[in-house]
Amino acid sequence: MLLLHLTPFVRGRSSSDTLVMLCWLFLAGFTCIGGSEHVATATLPASFNDLLPHFLIEPDDEYIVKNKPVTLTCRSTPATQIYFKCNGEWVHQDDHLIERTVDPATALPIMQVKIDISRQQVEKIFGLDDYWCHCVAWSTTGTQKSQKAYVRIAYLRKNFEEEPIGKEVALDQEVLLRCHPPEGVPPAEVEWQRNEDVIDPVTDPNFLVTADHNLIIKQARLADTANYTCVAKNIVARRKSSSATVLVYVNGGWSTWTTWSACSAVCGRGWQRRSRSCTNPTPLNGGVACDGQNVQKSACTATCPVDGGWSEWSKWSACGADCSMWRSRECTQPSPGTGGKDCQGIDLQSLNCTSQQCPQTASGVEDVALYVGIVAVALCLTLLLIVVVLVYRRKKEGLDADVADSSILTTGFQPMGIKPSKPENSHLLTIQPDLTTTTTSYQGTLRSRHDGTNHTGTAKFSLTNGPLLDPLPNGSHHTLHNGKLTTDPAEFMTRLSSQTYFKTLPHDVTNTSYGTFNFLGGRLTIPNTGISLLIPPEAIPRGKIYEIYLTAQRKEDLRLPLAGCQTLLSPIVSCGPPGVVLTRPVILSMDHCSDACPENWAVRLKKQNYEGVWEDVLMIGEELFSEPYYCQLEAETCRVFSEQLGRFSLVGESLNMAAAKRLRLVLFSDAYCSTLEYNIRVYCMDDTQDVFKEVMQMERQLGGRLIDEPHVLLFKDSYHNLRLSIHDMPQAHWRSKLLAGYQEIPFYHIWNGSQRYLHCTFTLERLSLSTCELTCQLCVWQVEGEGQSFSLDFNIAKDSRVLDSEFLLMETNPNGMALAGPSAFQIPYLIRQKICSSLDTPCPNGADWRLLAQRLKLDRHMSFFASKPSPTSVILDLWEAQHFHSGNLNQLATVMADIGKQEAMIFLVSDGEC
């Protein structure tokens, strides 16, 4: 074999010369061996002569990452030479890496050539076509060209051309999230992530990634509420878009209605209700709440239970052989029904026959025993009658001693010298007042005339009627001064709370009044609360002395159970001690907060028994005059007539959604403000004086000030909440720190809540300490109901006074909280007695107590007055309770004159004389 060394290709030689030289070498039968050495064989296998080279490996597209070069590979068989050509130019021989092998199966030569392409080579053709290369293979038969391989510089820009945007969608709605990845070479691949987890549409077919890289959620589920991220990546980098929050919300849906409740009335007309809840489905993630009412009411009529009644007794049977006869009756008039009671008593009665009727008569000791029993009973009745007469005479002597000084009963009232027109009534003008009397109160030792003294001269004082307080100690005289004991109020409260029944009484002396009273009666008042107790004359039995208290309970201290549509309309008031004997009803006055529309309410008077259970003792409008309770419901006050002392409250049950209770809206703010923040407190309370007094006292302790007149809002039983908002503030100087548009107080907190008052605070912020003028609009309204608006315009730095007597009525003198005897009434005792004796007697022309009730606009209670032994005295008691502070005796005298009773002349006195 002949070895021939050839010189390398010379750079710069033309391509045509190179091609001619290569062709010559091939025709001469040379073969190249090694990198730059070319070995020619003398002869080639005959099988080479007819084969064109074909490529086993062709160069592929490559990407240059950063500054790292790429390698292009070309392999062909049978091939004698392989060279790369890039962008139309041959790559220099020295840049080729050549490997030669032989295919063991075919014995054909295999040639592989590699070249490296750097970033600088590619960047040199910037602005032209892409950088490309292909290889050319030679054999003895001819040449072949490979495919073009493009070499590009890889990159991925940072910013997405379009990022996904968050959405709020309803349940089962389709969601489309768009994503256009950043520009890059090679083009970026896109994947989606949900809360950093890769979404695989294969495992969860509810997701679909489109060809243009958008994500589709076919039906939004609650679990699809998440943060979604579009991720773009190629061989250079990985980019993440900003997260898009998808919130899947659920609009509320009503459940089915419950069955109607049982009728609220046991007998007669009542109400039943049914309800539904917004749980089908429950609103979630800001979904719309259910529209409509969750409670419905309907009128119902309950069948009244019928108690059984006995029929008339049958005739007596004939006298039997056993000397007895029988008669019977049946429980059929009427028969018990609808849960009514069976008849009480026996249905069969027997009686011994007389001797004439008895077939077998026999006399014995039975007749003698009968006569002896009759005589014994007669003797017992005679002795009992004698005892009653003696007791009555002894008590009458004591009564005469109690009213020995008649000047007490006519103090300060002097009849004018007006001659009566009717001689028959002239005796009414013979009452001579004691002109030497200068005091207007009853002073004296409280003991009965008939109570004796011991040998040492010490008076015996005894209280034995009912479960009263501990008796006053022996050897001490307690004197009344306008009904007030001279003992310390705190000592009285401590002694009172030590009794078993009084454990729940509050120790707040400011809300308690007490005093000692006898048959002349008196009055207890809790200042600034509208609560008072009138004890009429003769209500306490003569010879008895009671120590009586009156207190206003705090609602949170004593929870009163409320059910359904019930709401508390008045304060809880205690008067006692319970169990004392009263011969006439006392009058308890207290405020209420109903809208005074009786057709919308079922109002009940509740009383707590000794076991602590609240009982219904009266239904307003359905009073029974035989019961010991009666109630007069005025526009803002109720007057309770009661023959028993105890703990009372007024509870209302709404009969329809038009029923409303009055709320008093009161605004307070800080009296001193040295910071940028400024608070406005809005109180919503029952429109009764006792609650208003409590709030005013609390704000006075906090150093607050009243910034506007209170407003009254009618709050209806519509199950809608109360909303409060503030508007129209000067934005250049003030801003509200409230995040929401309004504050809200739930309906049941107002209607059935245990708190006496509720409040919301609006925190405002001024942008400068020099800002002092504040103007705004504060609105309070019930959803789909009535509203009130406060227009505020004031200087927060001026009038910075805490609540004082100008805003809060000062507590009256404690000595005026209890009045005993004549000082507690406007009508003198003896004059009152004369009026009663004159008007109680019915007159044919109607000039009696009925005309008095009509002129005083009390005729709607005519049946109640008629049920009393002295209707006139009850009418005058009610007039005293209504007009204690505002009563005008001259007006009452005018009414009496219109009736035609000359007793009215005794009232015509000047104010100074009264």
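What's counted below: heavy atoms across the whole structure, side chains too, no hydrogens, waters or symmetry copies. Source: prediction; values computed, not measured.
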Query raised in the report: To the nearest 0.5 Å, what is the distance between CG (L665) and CG (L713)?
Result: 5.5 Å

Query - CA sep, side-chain torsions, deciding dist, call: T229, S241, side chain to side chain donor-acceptor pair (under 3.5 Å) - result: CA-CA 6 Å; T229 308; S241 70; 5.4 Å; no

Query raised in the report: Can you tell if the side chain of T775 reaches within under 4.5 Å of the side chain of L792, non-hydrogen atoms only?
Result: no

Query raised in the report: Can you tell me if CD on E189 sees more than 12 non-hydrogen neighbours from other groups inside 6.0 Å?
Result: no

Requested in this report: For residues L177 and V246, determine if any side-chain heavy atom of one lies less than 4.5 Å from a side-chain heavy atom of the other.
Outcome: yes

Query raised in the report: Are any of the side-chain heavy atoms of L247 and V169 separated by less than 4.5 Å?
Result: no

Query raised in the report: Can you tell if the side chain of L176 reaches within under 4.5 Å of the side chain of R178, non-hydrogen atoms only?
Result: yes

Query raised in the report: So, R681 side chain and H759 main chain: donor-acceptor pair closer than 3.5 Å or not?
Result: no

Query raised in the report: Does H134 have its ring centroid less than 6.0 Å away from the ring centroid of W132?
Result: yes

Query raised in the report: Side chains of V113 and L97: does their closest heavy-atom pair fall under 4.5 Å?
Result: no

**Report entry** Closest non-hydrogen atom pair, E183 against Y155
**Finding:** OE2-OH, 3.0 Å

Query raised in the report: W138 vs Y83 aromatic rings, parallel, tilted or perpendicular, using cut-offs 30° and 60°?
Result: perpendicular

Query - S146 side-chain N/O to C135 backbone N/O, donor-acceptor pair under 3.5 Å - result: yes

Query raised in the report: Taking C760 and C684, which are both Cys, do their SG atoms fall under 2.5 Å of each other?
Result: no

Report task. Would you kindly say whether H180 and E161 are connected by a side-chain donor-acceptor distance under 3.5 Å? Result -> yes

Query raised in the report: Strictly by modelled atom types, are T80 and S139 linked by a side-chain donor-acceptor pair under 3.5 Å?
Result: no

**Report entry** N721 versus I745, closest heavy-atom pair with distance
**Finding:** CB-O, 3.4 Å

Query raised in the report: Any luck finding a side-chain donor-acceptor pair between E677 and T763 under 3.5 Å?
Result: no

Query raised in the report: So, R766 side chain and L769 main chain: donor-acceptor pair closer than 3.5 Å or not?
Result: yes

Query - Side-chain heavy atoms of C133 within contact of L72, under 4.5 Å - result: yes

Query raised in the report: Relative to the ring of Y742, is the ring of W781 parallel (under 30°), tilted (30 to 60°) or perpendicular (over 60°)?
Result: perpendicular

Report task. Run the ring-centre check on Y131 versus Y150 and record whether the distance is less than 6.0 Å. Result -> no

Query raised in the report: When you measure from the side chain of Q782 to the backbone N and O of K716, does any donor-acceptor pair fall under 3.5 Å?
Result: yes

Report task. Spell out, as yes or no, whether a donor-acceptor pair under 3.5 Å connects the side chain of E123 to the backbone of Q120. Result -> no

Query raised in the report: Between N227 (side chain) and S243 (backbone), is there a donor-acceptor pair under 3.5 Å?
Result: no

Report task. Take S725 and Q743 through the side chain to side chain donor-acceptor pair (under 3.5 Å) test and state the conclusion after the steps. Result -> CA-CA 6 Å; S725 62; Q743 298 190 62; over 6 Å; no

**Report entry** H720/F747 aromatic ring centres below 6.0 Å
**Finding:** no

Query raised in the report: Is Q147 reaching over with its side chain to a backbone N or O of P59, donor-acceptor style, under 3.5 angstrom?
Result: yes

Query raised in the report: Going by heavy atoms in the side chains, are E191 and R238 under 4.5 Å from each other?
Result: yes

Query raised in the report: Is E174 close to Q219 at the side-chain level, that is, under 4.5 Å between some pair of heavy atoms?
Result: no

Report task. Check P181 against H213 and note the closest heavy-atom contact, atom names and distance. Result -> CD-CD2, 3.6 Å

Query raised in the report: Can D197 and R194 be counted as an ion pair, charged N to O under 4.0 angstrom?
Result: no

